[in-house]
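Written out below as structure tokens is the structure these notes cover.
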Number of protein chains: 2
Amino acid sequence: MSSALQDVSEVHQNHSDLPEKVLPGGIPRQISTRQILNAAEKIFSRDGFKGASMTAIAKEAKLPKANIHYYFKTKEDLFRATLEYNVIAWLSDADHWFTTDRHPRDAFTGYIRAKLRHAHHNPDASRLFTQEMLQGAPHLHHYLSTELRRHVEDRKIIFQTWTEKGLMAETDAAHLMFCLWSITQAYADTGLQLALVLGQEKLTEHDFETAARTLADIILVGVLPNAIPQ
Amino acid sequence: MSSALQDVSEVHQNHSDLPEKVLPGGIPRQISTRQILNAAEKIFSRDGFKGASMTAIAKEAKLPKANIHYYFKTKEDLFRATLEYNVIAWLSDADHWFTTDRHPRDAFTGYIRAKLRHAHHNPDASRLFTQEMLQGAPHLHHYLSTELRRHVEDRKIIFQTWTEKGLMAETDAAHLMFCLWSITQAYADTGLQLALVLGQEKLTEHDFETAARTLADIILVGVLPNAIPQ
DNA sequence: GTCTATATGGTGATAGAC
DNA sequence: GTCTATCACCATATAGAC
């Protein structure tokens, strides 16, 4: 299942365009496992690891409960597989926007828009990640302190380059990335509730557009140089 | 229990300085219920509504499980009470910073610092709120579409006044508040995991200080007028 | 008011027929 | 590979002794 960990650099709107080979085994096995993983993503994201039940996942996948245990021995195994297959690839998906040859203006705008698109189209994967973080990231501990940490370190260097070129104000990279990450995360996880506060039924494409623009406006002005407050 | 819904305008670091009368009944009942509610806050915030067990809450509260059911008839009742007692008051706690007579610079700085302090000192209440939002806010539906919506409407008017006075750039109030809210929320809910990414054991006071400063820097420059990007 | 003991139903996991 | 029937266990909730 380690192939699911590799960086998926193309932007995709759902999992159907992931390469077939990420799931091992024959065709019938692939169909069943994918069905199960998609169901698991939905149920785990809504109820958390403890709160989710194998019965609910089986019902969602329209398969007998025993089949789930045939493909994934334990609930724990299924959860890990769901994180790896549905979440981790998605996590680093918007990252190709940060390269030294880009202008920070384009990089941040592009990143924010890409992440918000993901938020809109893969709300379950996003919520699942948040659930895992809320519980203290027991399964992602290693991933956070290695791969994700490396990502942040890379950003730091790119930001420094931009700052030296005079393209960007001096900012703490880790906290800035955390800001961007948490806001886009929030739009995915609690967009419906935000709509409630706004007095709407649900978030429209237009709201995501407004969100992206407001966010980019705030971040950009705050991050680009030559803007002195007060 | 409706008295717990009222606005608590003073900043407090934990629940011990809430007025005694928010919990009805005699002294022994007060002691037990508070013990239970604090335990419930901790367990529900970690495991969610479905994931939490009455056994775990009882163990945390150091009381027999039957006593919990004596004071709060069902798990559902306990959850509602926990939200109302531990969360809703805390939610509107940092709001007194937004008044027309303040300069937006002071208002935003004050709000961010106050909210981050809460995040630091009441991580469980914060996480519990996030858990509830993740599950679609089934218990807070009414609160979101009435009281919280009114809060956002009030902010909108204050921001407009500031904009007219030339103290603030024109910004979408709802999305700006959502930004502020979600970031501070994220520091409370996933601060430990952020620390992991930063390569530390836990978030120190110094990190919260850096967070507050970075955040205020970004937001302020983006929100105050006369700052033209690029 | 407090707690022990228990009723009733749902849980993850498996054995074994097909 | 698939699914029915069933296991041992843990959940919420309550009855009734103190």
Side-chain angles (χ1 to χ4, degrees), chain A residues 1 20 23-83 85 128 131-132 135 138-139, chain B residues 1 20 23-83 85 128 131-132 135 138-139:
Chain A
M1 196 57 58
E20 290 299 320
L23 290 177
I27 304 290
R29 172 176 279 264
Q30 279 183 31
I31 293 173
S32 284
T33 45
R34 182 164 304 177
Q35 227 169 322
I36 295 167
L37 286 168
N38 284 336
E41 179 190 39
K42 185 169 174 182
I43 304 300
F44 277 133
S45 72
R46 201 189 52 200
D47 300 334
F49 177 71
K50 282 192 185 182
S53 82
M54 297 298 269
T55 313
I57 292 170
K59 195 180 164 191
E60 178 69 31
K62 287 167 188 165
L63 284 172
K65 191 175 59 169
N67 294 30
I68 319 272
H69 279 103
Y70 174 70
Y71 288 112
F72 304 93
K73 199 143 185 28
T74 67
K75 187 185 182 182
E76 178 80 27
D77 286 346
L78 175 57
F79 188 72
R80 299 178 90 90
T82 309
L83 274 182
Y85 177 63
L128 180 55
Q131 277 282 4
E132 168 68 5
Q135 274 153 39
H139 303 89
Chain B
M1 195 57 59
E20 289 300 320
L23 290 177
I27 303 290
R29 172 175 279 264
Q30 279 182 31
I31 294 172
S32 285
T33 47
R34 182 163 306 179
Q35 227 168 320
I36 294 167
L37 285 169
N38 284 336
E41 178 190 38
K42 185 168 174 183
I43 303 300
F44 277 132
S45 72
R46 201 190 49 198
D47 299 336
F49 176 71
K50 282 194 184 181
S53 84
M54 298 297 269
T55 313
I57 294 171
K59 194 180 166 191
E60 177 70 32
K62 285 167 188 165
L63 284 171
K65 190 175 55 169
N67 295 31
I68 320 272
H69 283 287
Y70 173 71
Y71 287 112
F72 305 91
K73 200 146 185 23
T74 67
K75 187 184 180 181
E76 178 80 26
D77 286 346
L78 175 57
F79 188 73
R80 299 179 89 90
T82 309
L83 273 181
Y85 177 63
L128 180 54
Q131 278 282 4
E132 168 68 4
Q135 274 153 38
H139 303 90

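Between the C1' atom of C:dT11 and the CD atom of A:Glu76 lies a distance of 16 Å, rounded to the nearest Å. For the pair B:Phe79 CZ and D:dA13 P, the interatomic distance rounds to 14 Å; values are reported in whole Å. C:dG10 atom P lies 17 Å from atom CD1 of A:Ile43, rounded to whole Å. Atom pair A:Gln35:CD and D:dG1:C1' shows a separation of 14 Å (rounding to whole Å applied). Distance, A:Ile31 CD1 to D:dG1 C1': 13 Å, rounded to whole Å. What separates NZ of B:Lys75 from P of D:dT14 is a distance of 14 Å, to the nearest Å. Rounding to whole angstrom units, OH of residue A:Tyr70 and C1' of D:dC3 are separated by 13 Å. Whole-Å rounding puts the A:Phe72 CZ to D:dT2 P distance at 13 Å.
Using a 4.5 Å cut-off on side-chain heavy atoms (C-beta onward), A:Met54 and A:Leu78 make contact. Between B:Gln131 and B:Phe44, the closest side-chain pair of non-hydrogen atoms is not below 4.5 Å. Side-chain contact between B:Glu60 and B:Ile57 is absent, with no heavy atoms from C-beta onward closer than 4.5 Å.
Here A:Lys50 contributes atom NZ and B:Phe49 contributes atom CZ; the two are 15.0 Å apart, rounded to the nearest 0.5 Å. Atom OG1 of A:Thr33 is separated from atom CG of A:Leu63 by 10.0 Å, given to the nearest 0.5 angstrom.
Distances shown here put a side-chain N or O of B:Tyr71 below 4.0 Å from the OP1 or OP2 atom of C:dT2. Dashed line: the shortest gap from a side-chain N or O of A:His69 to OP1 or OP2 of C:dA13 is under 4.0 Å.
The stretch residues 46-67 of chain A touches DNA chain C through A:Ala52, A:Ser53, A:Met54, A:Thr55, A:Lys65, A:Ala66, each having a heavy atom under 4.0 angstrom from the strand.
No donor-acceptor pair closer than 3.5 Å links the side chain of B:Glu41 to the backbone N or O of B:Thr82.
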